[in-house]
> 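Just passing along the structure, written as structure tokens.
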Amino acid sequence: MTRRPIIGVTVSNRSGWRIFPLMWLNIRLAGGRAIKWRAGREVDLDAVDGVVIGGGDDIAPTLYGGEVHVGVRLDPARDEMESRVLRNAFERNMPILGICRGAQMLNVVLGGNLHQDAYDVYDSPFVKTILPKKRVDVVADSLLARTTGRPCLRVNALHTQAVNDLGRGLRVAARDQGGMIQAVERIRDPFALGVQWHPEHIFYRRAHRRLFRALVEAARASTARSGQLEAAEAEARLNMPGAGAAFRDVGPTPPL
């Protein structure tokens with residue numbers, strides 16, 4: 001029996017008790033096995049094959065040269081833990097999936113910065129719900145596009161911060177109607193994909209489950225010392241045989 005790749009998942013000390021079971025389920029459905037990491041507990045990258053940086057509190061703007069605004073809820077211990085996990089994961093050529101805060105932290109660790117209140121910058125519809133009520137448009141020539149097989153997606157939204165200047169080696173993979181960045185991805189190994197929404201809450205929709213599948217396949221490739229992006233692309237081709245057609249005729253394709 002093939003061993004399930006082990007995925008370390010970072011969560012908040014406040015909300016991890018309810019978020020981690022969803023992460024565990026999504027990673028299990030994708031063929032992996034999840035273990036929970038949180039600030040103040042041991043984090044052992046030798047024990048895992050891939051990493052998920054989960055959602056939660058805002059990231060301290062001091063990490064990217066900004067100033068702290070009044071009323072922002074921060075978690076400095078988690079900031080330090082996740083920054084260290086990401087730096088070490090990159091050193092080990094380990095695949096990464098960033099979710100909401102995790103996508104932002106991925107960008108910051110790679111030298112990018114954030115809009116602290118993105119809705120003051122973009123004319124984007126303000127949506128705050130775990131239900132998939134927000135539309136995002138996926139960049140056609142992206143791994144995210146090939147993974148989900150969709151030109152647009154219906155997603156949830158719980159954030160106020162968003163990616164501003166991109167970190168090293170990242171490109172935009174999705175934006176919302178107002179132009180706000182909603183997903184970023186690396187263009188070379190190691191695999192790293194960050195999405196501004198919470199796919200763990202939308203596991204009943206296949207396109208969102210496939211984000212976890214891409215991570216798990218990249219983790220398999222990492223342990224085999226083979227190409228991670230190549231493995232994620234192969235998984236996309238195998239399971240979405242008609243995906244390319246969706247991008248040739250975007251108009252009538254409903255968001256998923």
Side-chain angles (χ1 to χ4, degrees), residues 9-16 18-20 22-23 26 39 52-64 66-76 78-79 81-83 86 96-110 112-139 144 148 152-167 170-185 192-203 205 207-208 211-212 255:
V9 180
T10 68
V11 295
S12 165
N13 281 325
R14 280 185 280 266
S15 60
R18 60 182 172 81
I19 298 301
F20 181 73
L22 288 172
M23 296 287 197
N26 279 276
V52 173
I53 306 295
D57 297 328
D58 288 339
I59 295 168
T62 51
L63 292 182
Y64 52 88
E67 296 181 357
V68 177
H69 292 182
V70 176
V72 175
R73 191 172 70 177
L74 304 176
D75 188 343
R78 187 178 178 193
D79 286 348
M81 181 266 288
E82 290 181 338
S83 297
L86 282 168
I96 299 159
L97 174 63
I99 292 176
C100 196
R101 167 196 164 93
Q104 299 162 10
M105 184 62 79
L106 173 66
N107 190 62
V108 168
V109 166
L110 291 175
N113 58 27
L114 307 176
H115 295 295
Q116 287 196 62
D117 194 339
Y119 291 98
D120 282 348
V121 179
Y122 294 98
D123 186 23
S124 298
F126 181 74
V127 178
K128 194 167 186 178
T129 175
I130 62 169
L131 299 176
K133 292 188 174 183
K134 179 172 183 171
R135 174 185 171 131
V136 300
D137 295 311
V138 182
V139 174
L144 178 64
T148 62
C152 56
L153 295 165
R154 286 290 178 184
V155 305
N156 49 29
L158 298 173
H159 66 97
T160 54
Q161 294 184 325
V163 168
N164 181 13
D165 295 323
L166 289 172
L170 293 178
R171 65 179 174 185
V172 175
R175 295 181 184 270
D176 69 10
Q177 294 166 267
M180 189 189 304
I181 294 173
Q182 295 293 313
V184 294
E185 63 185 32
L193 173 64
V195 297
Q196 189 61 77
W197 61 92
H198 288 262
E200 72 274 19
H201 284 284
I202 324 176
F203 60 88
R205 293 194 171 177
H208 298 284
L211 302 178
F212 293 93

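Everything quoted here is computed from the prediction, not taken from an experiment.
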> For Arg154, is there any backbone N or O sitting under 3.5 Å from a side-chain donor or acceptor partner on His208?
yes

> Checking the side chain of Asn156 only, and the main-chain atoms of Lys128 only, is there a donor and an acceptor separated by less than 3.5 Å?
no

> So which heavy atom on His201 is nearest to which on Ile19, and how close?
NE2-CD1, 3.9 Å

> Quick check: does any side chain N or O of Asn164 sit under 3.5 Å from a backbone N or O of Asn113, one acting as donor and the other as acceptor?
no

> Can you confirm whether Pro61 sits close enough to Leu114 that some side-chain heavy atom of one is under 4.5 Å from a side-chain heavy atom of the other?
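Not in contact.
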
> Could you state the interatomic distance from CE (Met81) to OG1 (Thr10), rounded to the nearest 0.5 Å?
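Going from CE on Met81 over to OG1 on Thr10, the span is 5.0 Å.
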
> Taking all atoms of both residues into account, what is the closest heavy-atom pair of Leu63 and Ser83, and its distance?
CD1-OG, 4.2 Å

> Can you list the residues that meet the ring-ring contact (aromatic ring centres under 6.0 Å, His included) rule with Phe20, with sequence neighbours excluded?
none

> Which one of Asn26, Val52, Ile53 satisfies the side-chain contact (heavy atoms from CB on, under 4.5 Å) criterion with Val9?
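Of Asn26, Val52, Ile53, side-chain contact (heavy atoms from CB on, under 4.5 Å) with Val9 is met by Val52 alone.
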
> Working to the nearest 0.5 Å, report the span between CG of Leu110 and CG of Leu170.
5.0 Å

> Measure the CG-CZ distance between Asp57 and Arg14 for me, rounded to the nearest 0.5 Å.
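Going from CG on Asp57 over to CZ on Arg14, the span is 4.0 Å.
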
> So do His198 and Leu22 actually touch side chain to side chain, heavy atoms under 4.5 Å?
no

> Once you round to the nearest 0.5 Å, how far does CG of Leu193 lie from CZ of Phe212?
10.0 Å

> State whether the side chain of Asp123 and the backbone N or O of Gly178 hold a donor-acceptor pair below 3.5 Å, judged by distance alone.
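Side chain of Asp123 to backbone of Gly178, a donor-acceptor pair under 3.5 Å: no, none is there.
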
> For a quick test of reading the model, state the closest non-hydrogen atom pair linking Val139 to Ala174 and the distance between them.
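Where Val139 meets Ala174 most closely, the heavy atoms are CG2-N, 4.1 Å.
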
> Quick one: CD1 on Ile59 to CD on Glu82, what's the gap to the nearest 0.5 Å?
7.5 Å

> Could you measure the distance from the CD1 atom of Ile99 to the CG atom of Leu106? Nearest 0.5 Å is fine.
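Here the rounded value is 12.0 Å.
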
> Decide whether His159 and Gln161 meet the rule of one side-chain donor and one side-chain acceptor closer than 3.5 Å.
no

> Do Arg101 and Asp58 come close enough that some side-chain heavy atom pair is under 4.5 Å?
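No - every pair of side-chain heavy atoms lies 4.5 Å or more apart.
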
> For the pair Glu185 (side chain) and Leu144 (backbone), establish whether a donor and an acceptor sit closer than 3.5 Å, ignoring hydrogens and angles.
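A pair under 3.5 Å: yes.
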
> Between Gly56 and Arg78, which heavy-atom pair has the shortest distance, and what is it?
CA-NH1, 3.6 Å

> Give a yes or no on whether the backbone of Asp117 and the side-chain of Thr160 come within a donor-acceptor separation of less than 3.5 Å.
no

> Please identify each residue that fulfils side-chain hydrogen bond (donor to acceptor under 3.5 Å, both in side chains) with Asp176, with sequence neighbours left out.
Ser124, Lys134

> Taking C-beta and beyond as the side chain, do Val121 and Met180 meet within less than 4.5 Å on heavy atoms?
no

> Would you say the side chain of Tyr64 lies within less than 4.5 Å of the side chain of Gln116, judging by non-hydrogen atoms?
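A side-chain contact exists here, since the closest heavy-atom pair is under 4.5 Å.
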
> Minimum heavy-atom separation for Asn13 and Ala39, please, with both atom names.
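For Asn13 and Ala39, the tightest heavy-atom pair comes out as ND2-O, 3.3 Å.
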
> Where is the tightest heavy-atom contact between Ala207 and Thr148, given as atom of each residue plus distance?
O-CG2, 3.6 Å

